Amino acid sequence: MSRDHVQSARRPAAGAPAPAGGAETPFLELLARGASADAYEQPVLLARAEGRPAERIAALEDAKLLALRVRAELEGRRRREAELSALFETAHDLAGLRDLDAVLRAIVQRARSLLGTDVAYLSLNDPARGDTYMRVTEGSVAARFQQLRLGMGEGLGGLVAQTARPYVTEDYFQDDRFRHTRTIDAGVRDEGLVAILGVPLTLGHHVIGVLFAADRRARVFEREQIALLGSFAALAAAAIDTANLLAETRSALAGLERANEIIRDRSAVIERASDVHDRLAELVLRGGGVHDVAAAVSQVLDGTVEFAEATAAPARALEASRAEGHAVRHGDDWIAAVAAGGELLGALVLRGHPGLDPVDQRTLERAAMVTSLLLLARRSAAEAEQRVRGELLDDLLDARDRDPRLLRDRAARLHADLDATHVVLAARLDGTAADAGQEADTRRRLGAAAAHLAATRQGLSAARDGGTVLLLPLDPGDTATAVARRTARQLGTAVHEPVTVGASAPVEDLAARPDTVAAAYAEARRCLDVLPLLGRSGDGAAAEDFGFLGLLLAGDRDITGFVDRTVGPVAAYDERRGTELLRTLEAYFACGMSPARTKDALHVHVNTVAQRLERVGRLLGADWQHPARALEIQLALRLHRLAAPARH
């Protein structure tokens with residue numbers, strides 16, 4: 001406080017008697033320790049209780065009033081310093097932003113934070129249409145509200161945009177100073193807003209938009225708050241101007257930098273917050289991961305910060321942090337939700353640090369926000385890679401791109417080698433979904449699991465024909481059958497549903513002969529169609545497992561019924577009696593219907609073979625060895641053998 005202010009504080013008011021000696025002493029002590037306003041009554045009450053003279057009490061009353069005036073002056077200065085600090089931090093954040101959307105999001109987030117409102121939003125004028133439209137919202141939950149367009153003079157926002165003056169309403173629906181419209185009122189009602197403050201964003205004499213702060217309850221916005229939002233709106237307009245490369249903003253940012261130097265000298269806390277911001281920005285720019293962010297914040301906060309999946313973090317604290325938008329305390333830990341929109345991605349957990357000041361809490365929250373951006377960026381990159389892999393496989397399947405060099409280059413960028421031996425696999429979910437939504441979700445999960453498998457195996461995948469097709473390299477010593485069964489297990493585990501997989505025979509020279517991929521896919525599809533007919537849904541097999549039977553089985557055929565009608569009595573007899581008639585039949589046909597060779601194959605006496613064949617004749621009929629019947633029986637035996645892996 002300056003010497004003039006001290007002298008004015010000590011000087012009695014005009015017409016008031018000078019306080020008696022020492023009357024100001026207790027009040028100076030209260031001022032020194034920053035006591036509340038109620039505490040200033042205590043010296044007067046104590047003097048009255050002690051029965052001090054009226055002159056002494058009057059002197060104390062005068063000293064109290066003088067002290068309260070000094071206290072109000074000091075409080076005002078402290079409040080103004082806090083506002084300047086907040087404005088500086090806003091300017092510092094916005095100074096580094098160049099993308100217009102990022103600038104607008106930062107503006108709205110800061111406006112909501114500065115005034116502590118439920119919702120903040122920003123509208124920009126559209127000169128071409130002659131109205132103003134909602135551009136960015138923070139804290140909004142209603143879709144209709146987020147898409148509002150206001151004509152000039154319509155609603156509170158339209159009035160601000162038209163008049164270039166701030167307007168505030170304590171109760172929107174009871175205020176008739178502006179023109180209500182059904183569309184605007186419906187959007188405001190959906191959002192549940194009651195008290196709204198709007199200030200213009202101006203560049204020179206031109207209004208470019210409106211910045212709003214609103215609550216879902218009745219609230220009186222004080223004059224200081226209106227002025228503060230107006231100051232921030234000036235910074236916001238300058239930031240928008242910067243994003244649009246307008247020359248006027250350069251001088252404004254230079255002034256903010258000078259203010260930055262002044263405030264940085266007075267605030268070590270803001271210096272640390274700026275350092276954290278720079279570290280996080282550097283991490284993002286050099287492609288750091290979520291664990292790098294946690295390590296950087298651990299150093300700044302002098303504690304252990306870890307990233308936890310949403311399922312591993314304390315559920316109640318995590319939900320509270322997401323709902324409040326702030327880090328919350330959980331025992332001796334702090335939990336900051338990592339969220340994007342309505343999706344919970346995880347949490348940053350600060351371990352064993354119960355005493356966390358507000359600036360460090362904000363640091364943890366900012367780190368959580370950066371973590372969410374990194375996770376979204378990683379997801380976007382994965383989705384983009386998945387699309388590129390799918391496009392390349394689609395081109396191979398459709399044989400649209402026959403330039404081998406171009407195909408190899410595209411595959412190499414995805415770490416795939418088209419010159420290696422591959423297997424084409426067709427995968428499909430065989431479960432029945434409850435509804436179309438569930439079926440679409442299950443297919444999406446199958447596609448994601450297939451894409452992940454293809455990426456880890458340097459292969460390709462794409463959605464096709466209601467299922468998924470994969471192109472995977474065949475390792476030395478591996479077989480198409482083994483790859484199909486392994487893929488069926490991996491995909492089924494990933495989606496928690498049975499997945500049936502059919503594989504083609506190994507294919508080579510994909511870049512030189514891309515049409516082979518389409519042919520291999522057709523072969524894999526035929527194999528996929530056969531497996532459910534054999535009762536092997538959820539299993540995997542290759543075309544080589546079926547031979548010519550794959551062609552016979554393609555389509556909707558009653559394989560089980562055919563097997564039961566042809567050799568069912570023999571199978572039933574074996575099951576009841578524990579005999580080996582089916583095995584004897586297979587050996588008999590394999591040995592050219594020679595009992596002598598059959599007994600050698602089975603290592604039994606020839607009489608045993610004769611007895612078993614006699615029993616077969618009684619079960620199947622006397623004509624079972626006629627050529628037509630014998631062919632059907634051999635085919636049924638083969639089908640029965642192919643279906644055996646599903647039963648065992």
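By convention here, the first residue in the shown sequence is residue 1. Since we're looking at a predicted model, the values are computed, not measured.
Atom CG of residue Leu637 and atom NE2 of residue His640 lie 8.5 Å apart, to the nearest 0.5 angstrom. Considering CZ of Arg428 and CZ of Arg525, their distance stands at 6.5 Å, rounded to 0.5 Å. To the nearest 0.5 angstrom, Leu472 atom CG is 7.5 Å from His422 atom NE2. In this structure, NE2 in His605 is found 10.0 Å from CD in Gln611, a value given to the nearest 0.5 Å. Interatomic distance, Gln147 CD to Thr137 OG1, rounded to the nearest 0.5 Å: 10.0 Å. Note that the CD atom of Glu614 and the CG atom of Leu619 stand 11.0 Å from one another [nearest 0.5 Å].
A distance-only check finds no donor-acceptor pair linking the side chain of Thr566 to the backbone of Glu632 [under 3.5 Å]. For Arg457 (side chain) and Pro473 (main-chain N/O), a donor-acceptor pair under 3.5 Å exists by modelled atom type. Glu523 contributes a side-chain N or O that, together with a main-chain N or O of Ala505, makes up a donor-acceptor pair within less than 3.5 Å. In terms of modelled atom types and a separation under 3.5 Å, the side chain of Arg329 and the main chain of Gly331 share a donor-acceptor contact. Between the side chain of Thr500 and the backbone N or O of Gly538, at least one donor-acceptor pair lies under 3.5 Å. For Ser321 (side chain) and His326 (main-chain N/O), a donor-acceptor pair under 3.5 Å exists by modelled atom type. In this structure, the side chain of Arg351 does not engage the main chain of Thr304 through any donor-acceptor pair within 3.5 Å. Side-chain atoms of Arg629 do not come within 3.5 Å of backbone N or O of Gly621 as any donor-acceptor pair. When atom types are taken as modelled, the side chain of Thr598 and the backbone of Ser594 share a donor-acceptor pair closer than 3.5 angstrom.
Of all the heavy atoms in Pro569 and Asp564, the pair that sits closest is CD-O, 3.8 Å. Among all heavy-atom pairs drawn from Leu531 and Asp539, the shortest one is CD1-O, 3.8 Å. Shown here for Gly502 and Cys527, the closest heavy-atom pair between the two residues is CA-SG, 3.9 Å. Residues Val507 and Ala520 share a closest heavy-atom pair of CG1-CB, 3.7 Å. The two residues Leu602 and Ala587 come nearest to each other via the heavy atoms CD2-CB, 3.8 Å. Pairing each heavy atom of Ala503 with each of Ala480, the nearest pair is CB-O, 3.9 Å.
Under a cut-off of 6.0 angstrom, the local environment of CZ in Arg618 is crowded, with over 12 non-hydrogen atoms contributed by other residues, nucleotides or ligands.
Among the candidates Lys599, Gln625, Arg597, the single residue satisfying the side-chain hydrogen bond (donor to acceptor under 3.5 Å, both in side chains) test with Tyr588 is Gln625.
Using modelled atom types, one finds no donor on one side chain facing an acceptor on the other under 3.5 Å when comparing Tyr121 with Glu191.
Residues Leu613 and Trp624 form a side-chain contact, since some pair of their non-hydrogen atoms from C-beta on lies under 4.5 Å apart. Counting heavy atoms from C-beta on, the side chains of Leu471 and Ser461 never come closer than 4.5 Å. For the pair Trp334 and Val349, the minimum side-chain heavy-atom distance is 4.5 Å or more. Using a 4.5 Å heavy-atom threshold, the side chains of Leu446 and Leu491 count as touching.
Salt bridge annotation for Asp101-Arg135: present, with a cationic side-chain nitrogen under 4.0 angstrom from a carboxylate oxygen. Between Asp574 and Arg612 there is no salt bridge, since no side-chain N of the basic residue sits under 4.0 Å from a carboxylate O of the acidic one.
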Check the pair His330, Val328 against side chain to side chain contact (heavy atoms under 4.5 Å, CB included), reporting the backbone distance first and the verdict last.
-> CA-CA 7 Å; His330 179 71; Val328 298; 5.8 Å; no

Report the C-alpha distance between Leu620 and Ile633 in whole Å, list the side-chain angles of each, state the deciding distance to 0.1 Å, and finish with yes or no for side chain to side chain contact (heavy atoms under 4.5 Å, CB included).
-> CA-CA 10 Å; Leu620 298 183; Ile633 292 171; 3.9 Å; yes

